[in-house]
Number of protein chains: 2
Amino acid sequence: MKNLFTLLCWFALTFSALANDGYGLWLDYSPVQNTQLRSDLSRLYSGFYFFGKSPTYEVIQKELTLSGEKMLGQSPVFTTERLAQTQVWLGTREELSQVLSLQQQTSLRALGEDGFWRGPITFQGKTYYAIIGNRPVGVLYGVFDWLKSIQTDSFDKTAEKTDSPKVRLRMLNHWDNLDRTVERGYAGFSIWDWHKLPGYVDPRYLDYARANASLGINAVSLTNVNANARILTTDFMKKAKVLADLFRPYGIKVFLTARFSAPMEIGGLKTADPLDPAVIDFWKKKTEEMYSFIPDFGGFLVKANSEGQPGPHEYGRNHAEGANLLADALAPHGGVVIWRAFVYSHELDEDRHKHANLEFEPLDGKFRDNVILQVKNGAIDFMPREPFHPLFGAMPQTNVGMEFQITQEYLGQATQLVYLAPMWEEVLQSKTYRPTPSSTVGGVVDGSDSGKKLTLVAGVSNIGTDRNWTGHLMAQSNWYAFGRLAWDPDLTSQTIAEEWVKMTFGRDPELLSKVSGMLLDSREAAVNYMMPLGLHHIMGWDHHYGPGPWVTGGRPDWTAPYYHQADSLGIGFDRTASGSDALGQYAPEIVQAWSDPQQIPEKYLLWFHHLPWDFKLQSGRTLWDEIGLHYDAGVKSVRQMQETWTSVQDKIDPERHEHVRQLLAIQAEEAEWWRNACLLYFQTFAKRPFPAEIEQPTGDLEEYKSRRFPTAPGIRPRW
Amino acid sequence: MKNLFTLLCWFALTFSALANDGYGLWLDYSPVQNTQLRSDLSRLYSGFYFFGKSPTYEVIQKELTLSGEKMLGQSPVFTTERLAQTQVWLGTREELSQVLSLQQQTSLRALGEDGFWRGPITFQGKTYYAIIGNRPVGVLYGVFDWLKSIQTDSFDKTAEKTDSPKVRLRMLNHWDNLDRTVERGYAGFSIWDWHKLPGYVDPRYLDYARANASLGINAVSLTNVNANARILTTDFMKKAKVLADLFRPYGIKVFLTARFSAPMEIGGLKTADPLDPAVIDFWKKKTEEMYSFIPDFGGFLVKANSEGQPGPHEYGRNHAEGANLLADALAPHGGVVIWRAFVYSHELDEDRHKHANLEFEPLDGKFRDNVILQVKNGAIDFMPREPFHPLFGAMPQTNVGMEFQITQEYLGQATQLVYLAPMWEEVLQSKTYRPTPSSTVGGVVDGSDSGKKLTLVAGVSNIGTDRNWTGHLMAQSNWYAFGRLAWDPDLTSQTIAEEWVKMTFGRDPELLSKVSGMLLDSREAAVNYMMPLGLHHIMGWDHHYGPGPWVTGGRPDWTAPYYHQADSLGIGFDRTASGSDALGQYAPEIVQAWSDPQQIPEKYLLWFHHLPWDFKLQSGRTLWDEIGLHYDAGVKSVRQMQETWTSVQDKIDPERHEHVRQLLAIQAEEAEWWRNACLLYFQTFAKRPFPAEIEQPTGDLEEYKSRRFPTAPGIRPRW
């Protein structure tokens, strides 16, 4: 048996060296080398017993089969007798009630519907390893957690472990169009092959569900928020039903995006007015039909009156009236409306930053209980760094959820390694001072500060048809980190990075330290070479690829100068009381601290202040020099990442190493392009030399301005 | 060693059972089971010796490594000494000249630049197995042919084998847009990731080259014939260069599509007039630049004055003047212009069928020697069945190449099993009677009848990002068959089908017979349930998905009634002398035979004749009844295919079996839809009952007409 195992490992490794294409994600289950652990696991895999029946348990069996074969070269044995041969017990609290003490049952119950307990249980003199949830999906989460503990060298068969998610809805938002283009997709195209559904079921759908379940993601919106009403036709409901049926055993609910004008486009009505009885009836019937296909349908995700999407304003109604229309249709079925707060005026705002608060704060308390307002982490649009959105903490009577962007629209797109967890951690840990003096964004979102139960963390998916799912292999870490933070917003980006590296590349200590170091440094590097010191929205037009601080044309708040305000005197957007006073939308503690350019954290400096080029920073350097140093530091960080990656070449299979190596080389070029183009452009205002200690920008500003990328990825739909 | 091998096989089979996703194509090299053959091969794999050095030999080494590991569980040994340990000799005629007799050298030379010889050679008392070409790529072709002989159980180590292609350019045409959409793509999106080139090289590019080389495909046009001039900018040339460099060792030349108006779009000129000196200079310089990046660039493929594409007509010039402009620019570098003959008038033609001949025949002899006219197999547009294009044989002074469509635009698209080789075979074997009385289309195309040396068989690619390359696993057979027929237009569709089945699914005799039978019957089935008896162009609007005999609107020759001409009296397009006389464009022998509705092969009946519903066919049945019987027979053929597929379930891995099973179920539904919709529609004219012996059409004609598929695959570019 040992020889067999050695041989299988050799063979598996040979094959993976030939072709490790990253499809296996963090669930590739590398062989267990530790002899004692292998022996323990070999025993545990020799006898699994399920106390009940559930489609979810079939999913668990598949995962145990795959993991057993890959980790141990051993197929698990599933016994039908509870005692003889049995090593591992799996089931729900109710299913195991005869073998659990009352106290154990009480503790378990307290973990909530998605929590789990795992650890040793002694029964009639024999010790079993048990994984127990309150529902089958809790058992599934427990199994994935157990497998993770093995993959991260932290499994202790004698220890107890409990966990439960802090957030109710842990959700992916796909911006996928029905023609399979993905609006901000950098990993190929949509994995949803609507044309071949419902008849053809791509096996990839199951691997997608499996990966999400391994993180505790329990909700997915399949379609773009720039919505097509066709998704609500009967034909497409039948297609969506197939996916919902596939995802159900993995504990994942399907949501769809609802186009507000659907009553007109597919309902034959002349209006979509939310107070019109025919419109109310349309949504009621449409929702009933939806539930006839998908009995546990999650609900609707809506982008309304934003960037050209139709909404209640066309009829003189407000967002609450719009959201409540759908909420009332969904309520009898237990469904939820997720209403996006990313709105800005058709007319030019004085400062787009302020728009959402102006529009939504007055509606606090007006939304139904089954409405969640989904708020982007910052007030502009997923910039490399934004201060947290002032809506967090500002609407105590409303369910307010978080929208992160996992796809790297503004953070390197298809070609850059940027680990986003530090950005999300920064937002979640930001103090809002509202509703309580100690409140944080994370506390508002997970309900610990807001007291809300219907909580949500959503992320705009970075998943596509590319073989490795996310285009850049390292972007798998962002899918992973999103799921982990949605489960527990208090996790640190470092903990998550280390988990992911171990599960993806193995447990070599040097590799772990170096690669997780690369991840953790990467976001600050991107901020530096793109938009340091609070600069924002200075990327390329439309596709958002590359630098574009010179971009004008179209409405002013879609251009760069609106945001950086560079002139001969200085740079930055004055959002204090002397300017737009967007800062005034935050809690007084923040207003006080950030109004002073000497007190505000420098990372937010130019977000809130317009300052002279010679303004002195804490370093003693001028603002102009500090800008130059930041851009240059960003470039140098990327080069450091390249060196680090080269140094771990012998610890990673050639295919994945070469993949990342090539992309890091592109990233280094792109970082230089950003630095050179932005510094040369800002120099036309500052009219000062670059600081001597930086690598002097090269290239021709006019040439940089002339670059066009009409075939950059992230395609809009064709209708 | 034997145990090792057994174990490896078991492991490989276990894994393939878990996940055989079809990525390996016909090159997956299943384990050799025959003991004697394994022993022979094991010896041969123990000593390969190359007589020279070439990047192509490195490619061969990789293929030998992969095949050795998969077939034998054995890594090949590459020796550096010619005699000791050596078993297999590889090299060119020149490299081996010292060990070959003069006669052997003469025979080899006669095989031409792409031919090869393989067989035993005795030298100084020892026998070696040798694979020899006139160029390294000939050796590569010989190696692939040898590996194929192993996979198809036909390797005889004592026998000699020679082969050489009958056609000079064996070419894939990708209709891939620069944004990765594919105009008629049913297998996902474009495998060319232009955005990440030149910095990022997808490993898939090499597997693509390998698959093509295994068939002898030696030219690829990377971009859509509905062209974007941007491909000719310096930035994109740098990207194309990377692909050309990758493909070179595989013997594959890169072509690009040239937009005729490029001098205006990227050259800053006010005209694209082919006689304008500035335009001539633009193309000369642009071509020189292209060759500076790709020294063996193949040339330009051009669609001009067709379906809105710009061309010489805008300036009062003809197609020869347009083509010669590019030909003169390419000639100094050895490049070729491939000029498409798929043109029709901006104004409505009396019969679109006639247009190409009217426009091109007068130009015979006016094209430069390095121009090839690329003619679709039929005069309309890749219908399920067309009589051969009357241009074949009609332009003796012109290089005339064949354009087949491998992607199934009109033959089931993403969801139907339709093996196209019988269609191509039917065309190639058609007698043209020109230029000689015994001429065939194949003879015109491969030069044996036309005397031309610059010959071409092109196929519109069916390759996309789907994991199995072609969307439908069975559509891999069409890529395979295209390559084989381009190499040798005299091969039969049956031979090719059997090769492909053996290499794809293994050599079980029952499996071979049943699956190749399915393939061979599938095209006639599709003709029957879509467009039997010469009907054509009655598919859905724009996306061409599903039936649409009622489609009107837009220009008449884009609609269905223009082609089927159904009325109360009868059905069919009169193309005889009493009608459009398109038939008159063929040789007199054909005109005579086909003018008579009693003599013309029934498969072309309604293509050339408008006949009464009660017209009697050879079966004694009326035309109306026969139409019904054909549609119904098509449906029944698909059901038979389903049954056959079920019967081989235990002979195919579950993943691939299930994939095809699901798609066959969709095909059965689609076939019924075609039958029902077409018969119900034609009944509104014929006003007769359906023949009693068929399954009576069901459904509601108005409902069929109302179906819309805006998200059907095959997306047009967004500019």
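As the structure is a prediction and not an experimental result, all values here were calculated from the model.
Considering only heavy atoms from C-beta on, B:Tyr200 comes within 4.5 Å of A:Ile666 through its side chain. Counting heavy atoms from C-beta outward, B:His195 and A:Tyr186 have side chains that stay 4.5 Å or more apart.
Only the side chain of A:Arg230 comes within contact range of chain B, with at least one heavy atom under 4.5 Å from a heavy atom of that chain. Residue A:Tyr23 does not touch chain B at all, counting heavy-atom pairs closer than 4.5 Å.
Atoms CG and OG1, from B:Asn228 and A:Thr711 in turn, are 8.0 Å apart once rounded to the nearest 0.5 Å.
For residues 185-204 of chain B, the pairs satisfying salt bridge (Lys or Arg N to Asp or Glu O under 4.0 Å) are B:Arg180-B:Asp193, B:Asp193-B:Lys196, with sequence neighbours left out.
Contact count versus chain B (heavy atoms, under 4.5 Å) is highest, among A:Leu663, A:Thr415, A:Asp466, A:Thr465, for A:Leu663. With chain B as partner, the option from A:Ala665, A:Gly188, A:Pro203, A:Ala414 having the largest number of non-hydrogen pairs under 4.5 angstrom is A:Ala414.
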Do B:Asp235 and A:Phe709 pass the side chain to side chain contact (heavy atoms under 4.5 Å, CB included) test, and can you show the C-alpha distance, the side-chain angles, and the key distance before you say yes or no?
-> CA-CA 11 Å; B:Asp235 277 355; A:Phe709 303 93; 5.6 Å; no
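Partners of B:Val638 by side chain to side chain contact (heavy atoms under 4.5 Å, CB included), not counting sequence neighbours, listed by chain and number: B:Tyr529, B:Gln667, B:Ala668, B:Ala671.
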